[in-house]
Amino acid sequence: MSKFRTLLSKKLKDKKISQNRFARMIDVTPTYVNNMINGKSGPPERDLQMKIANSLGLEGEERYKFFNNVAKEKKDIPSDIYDGIFKSKDSWNKIREILKGENIIK
């Protein structure tokens with residue numbers, strides 16, 4: 001089972017939230033929630049990732065793990081980082097400097 005699916009399933013059980021209730025919380029169908037948990041649908045798009053993280057009350061390291069796991073499965077940038085990049089005017093150049101320092105870009 002993927003780390004995303006494992007975390008989602010565990011959090012719903014820990015918080016005693018049914019798939020139907022969770023679907024209403026994040027404004028999707030219960031079938032979609034079931035498909036995410038059972039691997040029939042991949043991890044969701046960015047806007048839904050945020051709704052999931054917020055609805056489950058994920059904070060700190062747990063929130064970072066959630067976004068990192070989704071990003072790895074989607075072969076993408078974690079959504080919290082992606083959103084942060086576009087909110088900060090200087091972030092692109094700062095990221096370039098970091099990547100240059102690690103010899104990832106020239």
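As the structure is a prediction and not an experimental result, all values here were calculated from the model.
When the salt bridge (Lys or Arg N to Asp or Glu O under 4.0 Å) test is applied to Asp14, the partners found at least two apart in sequence or on another chain are Lys10. Remark: Glu102 engages Ile98, Ile104 in a side chain to side chain contact (heavy atoms under 4.5 Å, CB included) (not counting sequence neighbours).
Between Trp92 and Ile85, the shortest heavy-atom distance links the atoms NE1-CG2, 2.7 Å. Between Gln19 and Pro30, the closest heavy-atom pair is OE1-O, 4.4 Å. Heavy-atom minimum distance, Ala71 versus Pro78: CB-N, 3.5 Å. The heavy-atom pair separating Gly42 from Tyr32 by the smallest distance is O-OH, 4.3 Å.
A side-chain hydrogen bond (donor to acceptor under 3.5 Å, both in side chains) check over residues 74-86, counting only residues at least two apart or in different chains, returns the pairs Glu45-Lys74, Arg46-Asp76, Arg46-Ser79, Gln49-Ser79. Applying the salt bridge (Lys or Arg N to Asp or Glu O under 4.0 Å) test to pairs two or more places apart or on separate chains, none has a residue in residues 16-41. For residues 64-73, the side-chain hydrogen bond (donor to acceptor under 3.5 Å, both in side chains) pairs, not counting sequence neighbours, are Ser2-Glu73.
Salt-bridge check for Lys100 with Glu97: passed, with a basic side-chain N closer than 4.0 Å to an acidic carboxylate O.
Both Phe86 and Leu99 are members of a single hydrophobic cluster when ILVMFWY side chains are connected at heavy-atom separations under 4.5 Å.
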Could you pull out every donor-acceptor pair under 3.5 Å between side chains of residues 51-63 and any protein atom, sequence neighbours left out?
residue : atom : partner : partner atom : Å
Asn54   : OD1  : Arg63   : NH1          : 3.0
Asn54   : OD1  : Arg63   : NH2          : 3.0
Asn54   : ND2  : Met50   : O            : 3.2
Ser55   : OG   : Lys51   : O            : 2.8
Glu62   : OE1  : Lys11   : NZ           : 3.4
Glu62   : OE2  : Lys11   : NZ           : 3.0
Arg63   : NH1  : Leu58   : O            : 3.2

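Remark: of the listed residues Ile37, Val33, Thr31, Thr31 is the sole one forming a side-chain contact (heavy atoms from CB on, under 4.5 Å) with Asn35.
In this structure, CE in Met36 is found 8.5 Å from CG in Leu12, a value given to the nearest 0.5 Å.
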